[in-house]
K.L.:
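Okay, handing you the structure first.
The structure displayed is predicted, hence computed values, not measured ones.
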Amino acid sequence: MNVFRHLINFGVNPAALAYAMTTLGSSMINNMFSFYYVKLFLNRYKISEGAFHQSQVVYMVWNAVNDPLFGYLQDNSRVPCCSQRRLSILYGAPLYSLAFLLAWFPWRSYAPGDWLSGLHLTVALCAFDGMLTFVLLAQCALFAEISSHHQNRLRLIKYNQVASLIGSSSVLFCGVVSNNMEDFLAFQAFAVLIAILSCGCMLYTGFHSESRFDNKASQSDAPASVEQTSHPLACSFSTLKTLTWQILTNRDFQLFVLMNFFQVFMLAFFNNFTMIFTEHLIPPDVLPSLAKSIMYGAAFICPQLLVLSSQSLLHRHGYYRIILFIFYVEAGMAAVMLAIGPQHYYFMAFFLTINMVIIQASFSLFGLPLADIIDTDLQKYKRSSPLSSMVFGTNALFTKPAQSLAPMIVLNILNHFGYEQLKDVTKDSDPSALESLHRAMFYLVCLVPMCVAALQVLAWRPFSIRNSHTVDTKKS
């Protein structure tokens, strides 16, 4: 309590700080994992395309299934480590950090196409995503349950973005320390350090965060509870089916999921392949290694700065209009890049960086529409407590497969143009084959964002919850 009193004296909101510490820890490891794992397994472990696709298919299935499964358990389980958001984070954090380390330590010296590298990738992806889901679903539920006030939720986003800003610098420092993974021992040592720091941050949330519904949940465990009669918590298939159907028939939820699927696809597209595109499309004499490290770091740090600087716009215009405007900007920038061509290297670097920034920045706002959808569901079905984890989990059921589809589709296209043979650019590379590969990369960089942003506009325009920013207090 004394700690909280001191925090308040310094103008720090304890609830928002406790919530944001999980973001700080998770962003350290999530950004590193998504940015480096594809290049690591393709270029260093020499995984075959077939094994890479098999791993992604297994990951895609597990990725989709574990979110609604954990969501249902966290919303309906009587076991405290599942039902209480704080305890889910407290017990899940150490395993989450350990799962992060799995990818960076080879199980043996891999030969090109070694089957064990494929198994290694499968285990690393599934273990990391399983713990990520368990911990971050609990945090997502906290976002909706700490407060139902729009202004308080904006404060959570503000703290969240500061935490994410600090955590995202792990990519920048990792690139500088390891020379963009060229010094692999330094990379591994840095990964271990980040895992320890990340775990400590998330444990802070586990010890200090609270949900408005924790007391209600504990009351519902009482044997004679009226709530137990009206809304049984026993995990049953019929209950799961009914609750899931109620969520799926929400029109705004359907539109959000469709739009979010494409957003997750774009995040995976740029996170997994920006380093590869940069190395091939921008010559090293134009952009040296240190400059590339700064560019990669900026792509992960600047989204948080953009969101923090947009707080007044969020207050004034709301998330709906801002997200829609970003989609138009993405499509317009891609069209300009396509028109001026690949020979403008500095503009290419700027384009890749800005795309990563605005895509991640808009994605950072997606907790707001989901929280509004949860509030609408709570009021419509007169629930005693919200289905926060189930809504976030059901959303992930349909959007998470995009994390696997993006690398599978892109790698298949690149290998069609000889990427597997030309991944390491040397003086001996066939110039005509290299030119063909670079042309394919350029069209991917331009056409994918342009087409996807157009589809997102079509999906997002009919979304009906547009004015929650004008309502100071909403019913809980």
Side-chain angles (χ1 to χ4, degrees), residues 34-35 38-39 42 258-284 286-287 291-292 294-296 298-300 302-303 306 323-363 402-420 422-423 425 429 431-461:
S34 64
F35 193 66
V38 169
K39 184 180 179 184
L42 288 178
L258 181 59
M259 180 273 293
N260 193 19
F261 174 86
F262 292 119
Q263 191 77 1
V264 171
F265 184 95
M266 289 306 304
L267 278 170
F269 174 77
F270 279 107
N271 285 351
N272 294 163
F273 290 97
T274 292
M275 182 181 285
I276 292 172
F277 290 150
T278 302
E279 289 179 353
H280 279 265
L281 296 178
I282 304 176
V286 174
L287 208 62
K292 288 177 182 177
I294 295 172
M295 169 186 159
Y296 302 147
F300 285 93
C302 291
L306 182 59
I323 291 173
L324 186 63
F325 175 74
I326 289 174
F327 293 153
Y328 286 124
V329 171
E330 287 176 36
M333 284 185 57
V336 171
M337 186 72 245
L338 183 64
I340 67 174
Q343 66 276 10
H344 294 82
Y345 301 125
Y346 290 113
F347 191 83
M348 172 68 73
F350 174 80
F351 171 74
L352 288 170
T353 306
I354 291 299
N355 252 298
M356 290 187 71
V357 168
I358 61 176
I359 289 170
Q360 182 61 56
S362 58
F363 187 71
Q403 289 183 335
S404 296
L405 287 173
M408 288 171 64
I409 292 171
V410 174
L411 182 62
N412 188 57
I413 293 172
L414 293 181
N415 281 345
H416 181 73
F417 289 90
Y419 173 72
E420 193 163 7
L422 300 168
K423 64 178 69 172
V425 182
S429 301
S432 61
L434 205 56
E435 183 182 352
S436 177
L437 174 63
H438 290 176
R439 191 183 308 113
M441 287 183 171
F442 175 73
Y443 283 125
L444 280 172
V445 163
C446 297
L447 294 178
V448 171
M450 187 163 57
C451 295
V452 169
L455 292 171
Q456 286 180 294
V457 168
L458 294 176
W460 187 235
R461 282 178 66 90

K.L.:
Within the structure provided, determine whether Val336 and Met333 are in side-chain contact (heavy-atom separation under 4.5 Å).
P.N.:
no
K.L.:
Under the 3.5 angstrom rule, does the side chain of Asn272 hit a backbone N or O of Ser34 as a donor-acceptor pair?
P.N.:
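Present.
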K.L.:
For the atom pair CG (Leu414) and CG (Leu42), what is the distance rounded to the nearest 0.5 Å?
P.N.:
9.5 Å
K.L.:
List the steps, then state whether side-chain contact (heavy atoms from CB on, under 4.5 Å) holds for His416 with Asn412.
P.N.:
CA-CA 6 Å; His416 181 73; Asn412 188 57; over 6 Å; no
K.L.:
Give, for atom CD1 of Ile276 and atom CE of Met441, the distance between the pair rounded to the nearest 0.5 Å.
P.N.:
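Ile276 atom CD1 to Met441 atom CE measures 7.0 Å (nearest 0.5 Å).
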K.L.:
Using every non-hydrogen atom in the two residues, find where Leu287 and Ala349 come nearest and quote the distance to one decimal.
P.N.:
CD2-CB, 4.1 Å
K.L.:
Hey, what do you get for CE (Met356) to OH (Tyr296), rounding to the nearest 0.5 Å?
P.N.:
9.5 Å
K.L.:
Please report the shortest heavy-atom distance between Phe265 and Ala402, naming the atom on each side.
P.N.:
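Result for this residue pair: N-CB, 3.6 Å.
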K.L.:
Which atom pair, heavy atoms only, marks the closest approach of Phe417 to Ile413?
P.N.:
CD1-O, 3.1 Å
K.L.:
For residues Asn260 and Phe363, determine if any side-chain heavy atom of one lies less than 4.5 Å from a side-chain heavy atom of the other.
P.N.:
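They are in side-chain contact.
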K.L.:
Which value, rounded to the nearest 0.5 Å, describes the distance between Ile323 atom CD1 and Gln456 atom CD?
P.N.:
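It comes to 10.0 Å.
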K.L.:
Any heavy-atom pair between the side chains of Met337 and Ile340 that's under 4.5 Å?
P.N.:
yes
K.L.:
If every non-hydrogen atom of Pro449 is compared with every non-hydrogen atom of Phe270, which pair is closest and at what distance?
P.N.:
CG-CZ, 3.7 Å
K.L.:
Walk me through whether Phe300 and Asn271 qualify under side-chain contact (heavy atoms from CB on, under 4.5 Å).
P.N.:
CA-CA 9 Å; Phe300 285 93; Asn271 285 351; 3.8 Å; yes
K.L.:
Say you draw a straight line from CE of Met275 to CE of Met295; how long is it, rounded to the nearest 0.5 Å?
P.N.:
10.0 Å
K.L.:
What closest approach, in Å, do Gln263 and Ser362 show between heavy atoms, and which atom pair accounts for it?
P.N.:
NE2-OG, 2.7 Å
K.L.:
Between Phe350 and Phe347, what is the ring plane arrangement, given parallel below 30°, perpendicular above 60°, and tilted in between?
P.N.:
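The rings of Phe350 and Phe347 sit tilted, inter-plane angle from 30° to 60°.
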K.L.:
Pick one: which of Ile359, Val448, Val452, Ile409 meets side-chain contact (heavy atoms from CB on, under 4.5 Å) with Phe269?
P.N.:
Val448
K.L.:
Quick one: CG on Leu338 to OH on Tyr443, what's the gap to the nearest 0.5 Å?
P.N.:
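With rounding to 0.5 Å, CG (Leu338) is 6.5 Å from OH (Tyr443).
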K.L.:
Assess whether side-chain contact (heavy atoms from CB on, under 4.5 Å) is satisfied between Leu281 and Tyr345, documenting all intermediate values.
P.N.:
CA-CA 8 Å; Leu281 296 178; Tyr345 301 125; over 6 Å; no
K.L.:
What's the shortest heavy-atom distance between Val410 and Leu444, and which atoms?
P.N.:
CG1-CD1, 4.2 Å
K.L.:
Counting only heavy atoms not in Phe325, do more than 12 sit closer than 6.0 Å to its CZ atom?
P.N.:
no
K.L.:
Please tell me if the side chains of Val38 and Leu411 come closer than 4.5 Å, counting only heavy atoms from C-beta onward.
P.N.:
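Not in contact.
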K.L.:
Using the rule given for side-chain contact (heavy atoms from CB on, under 4.5 Å), can you reason through Phe442 versus Met348, listing the C-alpha separation, both sets of side-chain angles and the distance that settles it, and then say yes or no?
P.N.:
CA-CA 9 Å; Phe442 175 73; Met348 172 68 73; 3.4 Å; yes
K.L.:
Has Thr278 got a side-chain atom pairing as donor or acceptor with Thr274's backbone, closer than 3.5 angstrom?
P.N.:
yes
